[in-house]
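Just so it is clear, the values below take in all heavy atoms, side chains as well, and ignore hydrogens, waters and symmetry mates. Numbers restart at 1 for each chain; the letters A, B, ... are given by sequence-line order, proteins then strands.
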There are 2 protein chains.
Amino acid sequence: MKITFKGDYALKAILDLAIHHGRAERIESIAKRQDIPFKFLEQILLSLKKGGFVRSKRGRDGGYYLARAPKQITMGQVIRYVEGPIEPISCILKKGGTHCDFAAQCVLRDVFLDIGQYIADKVDRVTFADLKEKQLKKLAKENKYLNYSI
Amino acid sequence: MKITFKGDYALKAILDLAIHHGRAERIESIAKRQDIPFKFLEQILLSLKKGGFVRSKRGRDGGYYLARAPKQITMGQVIRYVEGPIEPISCILKKGGTHCDFAAQCVLRDVFLDIGQYIADKVDRVTFADLKEKQLKKLAKENKYLNYSI
DNA sequence: TTAATACCCTACTAACTTGATAGAGATTAT
DNA sequence: ATAATCTCTATCAAGTTAGTAGGGTATTAA
């Protein structure tokens, strides 16, 4: 029932690129800001590039940037790409349902189906434009608070 | 984002015992009905016994039976016991939140928090009395259908 | 009493996944 | 040219998963 570090890092990287939308960001900058091991992030970004989420520019002044607008990327797309299916139990999947021959009669499956659908719905609705907006608001509040307290 | 076989087996075993509530069931019977490897199920039941979900009787005519009424056991209790916390990301947990220092400012965390709460709510509400009832109804329909078709 | 039955317990393991690290190579702005 | 940056492949330690193996112990029907 867990998201892996890889998945978490991928989401953080995309969100970082969404916030800095418009220019290419170096892997190292993202890694430092998001507290992700540099070499690990390198691999993840390469994978996200293959997945069509980001593009890159090599050489000096190079870096990564989003392949499309933050509004056009959802959490669900990214999670499914790096982590695989969202469904919490394999017998829910149409393909590869080798897990259980009695899926049709399984009441446990019904519960997991419900949960799977809720999760899918949720992550498919949230775009990185939403996340960016909320993040910036949170940071603004934080700064305001800091200004008062100093 | 997956439930393990162990967790799935544990749920199936408890549901089986709920359906056969009132008498002791041998491991082998449960294993055959639920299609679970015998020796693996043996371990799981032993663990469920330690967790207080089931009791056992040794010797001839021995077997396992529920420690309390199906109504008093929820899916959530069983899942948490065999699989650990339900939350989809570690930074949500109060203890051991070593994953991320910026949890308070994290908008991703908010989404996972929401999902975690939905899952928890769901599995904590579903008791094995509910599951048993639904299962028996499904089987009854199945039989009816079979009777007609023969 | 004794043999059969069934749970009890510990150890082991192959395969896979996770979370990285290492280093050589390709590309580009200046 | 050369420094900066992404590209790509290989490797690896540690942990998890999904079991298997086998002897030990308690209970009870006959």
Between B:Lys50 (NZ) and C:dC8 (C1'), how many Å, whole number? 9 Å
Closest-nucleotide mapping onto DNA chain D: is B:Lys6 or A:Gly62 further toward the 5' terminus? I mean the 5' end. A:Gly62
Between atom CG of A:Asp130 and atom OG1 of A:Thr127, what is the distance when rounded to the nearest 0.5 Å? 3.5 Å
Along DNA chain C (nearest heavy atom to each residue), the more 5'-positioned of A:Lys39 and A:Gly7: A:Gly7
Is the shortest side-chain N/O distance from B:Ser56 to OP1 or OP2 of C:dA6 below 4.0 Å? no
Taking only side-chain N and O atoms of A:Lys49, does any of them lie within less than 4.0 angstrom of OP1 or OP2 on D:dT7? yes
Gap between atoms CZ and C1', on A:Phe38 and C:dG23 respectively (whole Å): 12 Å
Is there a salt bridge (charged side-chain N to carboxylate O under 4.0 Å, His left out) between A:Lys57 and A:Asp61? Walk through the geometry before answering. CA-CA 8 Å; A:Lys57 197 184 150 192; A:Asp61 295 334; 5.8 Å; no
Here the gap from B:Ile27 atom CD1 to B:Lys32 atom NZ, rounded to the nearest 0.5 Å, amounts to 13.0 Å
Find the distance A:Phe5:CZ to C:dA20:P and express it as a whole number of Å. 6 Å
Select base, sugar-phosphate, or nothing to describe what B:Ile27 touches, counting heavy atoms under 4.0 Å on all strands. sugar-phosphate
Protein-nucleotide distance (B:Leu48, atom CG; C:dC8, atom P), rounded to Å: 12 Å
According to ring pair (Phe, Tyr, Trp, His ring centres under 6.0 Å), who are the partners of B:Phe38, at least two apart in sequence or on a separate chain? none
Atom CG in B:Leu66, atom CD in B:Glu25: separation rounded to 0.5 Å? 10.5 Å
Side-chain-base donor-acceptor pair under 3.5 Å for A:Glu42 and D:dC6: no
Where the side chain of A:Tyr64 is concerned, which of C:dC7, D:dT7, D:dT20 is the nearest nucleotide? D:dT7
For the side chain of B:Arg26, starting at C-beta, report the closest nucleotide among C:dC7, C:dG19, C:dG23. C:dC7
Report which part of the nucleic acid A:Glu28 touches: base, sugar-phosphate, or nothing (heavy-atom distance under 4.0 Å, all strands). nothing
Produce a footprint string for nucleotides 24-30 of chain D: one letter per nucleotide, 5' end first; B if the base is under 4.0 Å from any protein heavy atom, S if only the sugar-phosphate is, - if neither. -BBBSS-
Do B:Gln43 side-chain and C:dT10 base share a donor-acceptor contact under 3.5 Å? no
Examine D:dG19: is either OP1 or OP2 under 4.0 Å from a nitrogen or oxygen in the side chain of B:Tyr9? Give yes or no. yes
For the residue pair B:Tyr64 / B:Asp16, report whether a side-chain donor-acceptor contact shorter than 3.5 Å exists. no
What is the separation between atom CG on B:Leu45 and atom C1' on C:dC9, rounded to the nearest whole Å? 14 Å
Using whole Å, report how far CG of B:Asp35 lies from P of D:dA18. 15 Å
Which residue, A:Ile119, A:Ile86, A:Thr74, A:Asp8, forms the side chain to side chain contact (heavy atoms under 4.5 Å, CB included) with A:Ile79? A:Ile86
Distance check needed: C:dA11 P versus B:Leu46 CG, whole Å only. 14 Å
So, OP1 or OP2 of D:dT5: does either fall under 4.0 Å of a side-chain N or O from A:Tyr65? no
If you measure from CD on A:Gln135 to CG on B:Asp110, what distance do you get to the nearest 0.5 Å? 9.0 Å
Tell me: CD1 of A:Ile44 to C1' of C:dT21, nearest whole Å? 13 Å
